[in-house]
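What follows is a set of notes on a single structure, which appears directly below.
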Amino acid sequence: MKNNPKDLALDGLIRQNPTFKLVLGTCPTLALTTAAINGVGMGLAVTFVLMCSNMIISLLRNVIPSKVRIPAYILIIATFVTIVRMFLNKFAPSIATAMGPYLPLIVVNCIILGRAEAFASKNPVVDSILDGLFMGLGFMIALTLMGVFREVLGAGTVFGVKLWNFKIEFFTHASGALFTYALFIALFVYFYGLYSKKSKRKALLADKKEVKA
Amino acid sequence: MAKKESALRCVTVLSVIAVICGVLLAVLNPLLYVAPTADDISSQFTLDVEKGEWTLLDLNQEFAGKTSDKSGAAVSLSAKMTAGDKTYYGLLITTKASGNLSECKFVIFFNGNDNCIIDAKMSVDGSSGGKYSYSQAADKADADKKEIRRFEDYYVKIQSESQFDEGYTVPKVGATLTLTAVDNAFKKAAYYYYNAIMEGGNA
């Protein structure tokens, strides 16, 4: 099965955005978006794990018996999560601390297991790596946007830089996280609807031109 | 026969993957390992006294290990600071309350000159957010006992390894299990300080 890189990019970033479209990886999305930097950190960690696990799973897709595929996937994913955890503990301990238990919990993140099962186990290596990259980027962008929104309104800062003294503490709480998530999903669905209509209209016009020709 | 072969194949593949993952982690471990530092202790030392450099001490595993009760209190770091003629010790203790409260960390400071506890702080609050959470428990407690994170007026001389075994408790916070966790941190600290530092010849 050959996949177009542009399609993979559009799937990961928009059409199958793991956070806003598939609503996967909800726990870290709600818990870690109190600050934008947490969103970037978590997004990068997930991207790395997704790319590496997708690559290995795709390489071994004809070797791993289907009966033990899930334990095998978890074993592979856990190894890369451990590497990310060790790396962050060494080079970015503040981000590792801020992520708390959500960093090791990447092992059971639905996005990673989902992509392993739905994509990497059925597609060639390069496509699987690209899928991991774009899914991870889609997740990172979503978390960062939510993090910026909540940090600006909840703490009056962005990436730790103070903007003003105005704060709405609601946005730093769990209820604020749910509200923000709902708001972003609503906006995403609205704009995605517009984008879909535009794409369909384009396709329709192209079809009509073909028929005329 | 085919079933047996299939099972054998599953086990073999999983074993090979596990071994490869283990080897990969073993190779990366020396590169990414973070040696413990005294920062976890020194960052909690805010008493207004002359300050020097904190240095880690080797843990005496004979006395540092987890207690056999449910709290599993253990000493995970020990450090020493010398400033002028004063010596201070800090112990990082991990403890939990009967499974209802996840791991918490206390840093308990001793004045090495007179073997007294001079300060104690909870550096990591592992509260689950449930009814035994530290913050909720502290809110329920009397106004003068709310500051569970600070024990500035704490001053107790260590005289025996079983200093806190009976008849002594730290400030009550309104939840038995939380109190147990706090209590056990102090018991373990006194036990370790007495055996490993005082009797061990470091004091």
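Only heavy atoms go into these numbers, but all of them, side chains included; no hydrogens, no water, no symmetry mates. Below, chains carry the letters A, B, ... as their sequence lines are ordered, and counting in each starts from 1.
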Hey, is the main chain of A:Val63 close enough, under 3.5 Å, to the side chain of B:Arg9 for a donor-acceptor pair?
-> yes
Just wondering, more than 12 heavy atoms not from B:Lys51 lying within 6.0 Å of its NZ?
-> yes
Other residues, nucleotides, ligands: >12 heavy atoms within 6.0 Å of B:Glu53 CD | no
Go through the atoms of A:Leu60 and report whether side chain, backbone, both or neither lie under 4.5 Å from a heavy atom of chain B.
-> side chain
Note: A:Ile76 and B:Ile17 closest approach over all heavy atoms is CG1-CG2, 3.9 Å
At a heavy-atom separation under 4.5 Å, does B:Leu31 approach chain A through its side chain, its backbone, both, or neither?
-> backbone
Enter the distance from A:Asn89:CG to B:Leu32:CG here, rounded to the nearest 0.5 Å.
-> 9.5 Å
How many angstroms lie between CD1 in A:Ile83 and CG in B:Leu28, if you round to the nearest 0.5 Å?
-> 5.0 Å
Between the CD1 atom in A:Ile74 and the CG atom in B:Leu14, the distance rounded to the nearest 0.5 Å is 11.0 Å
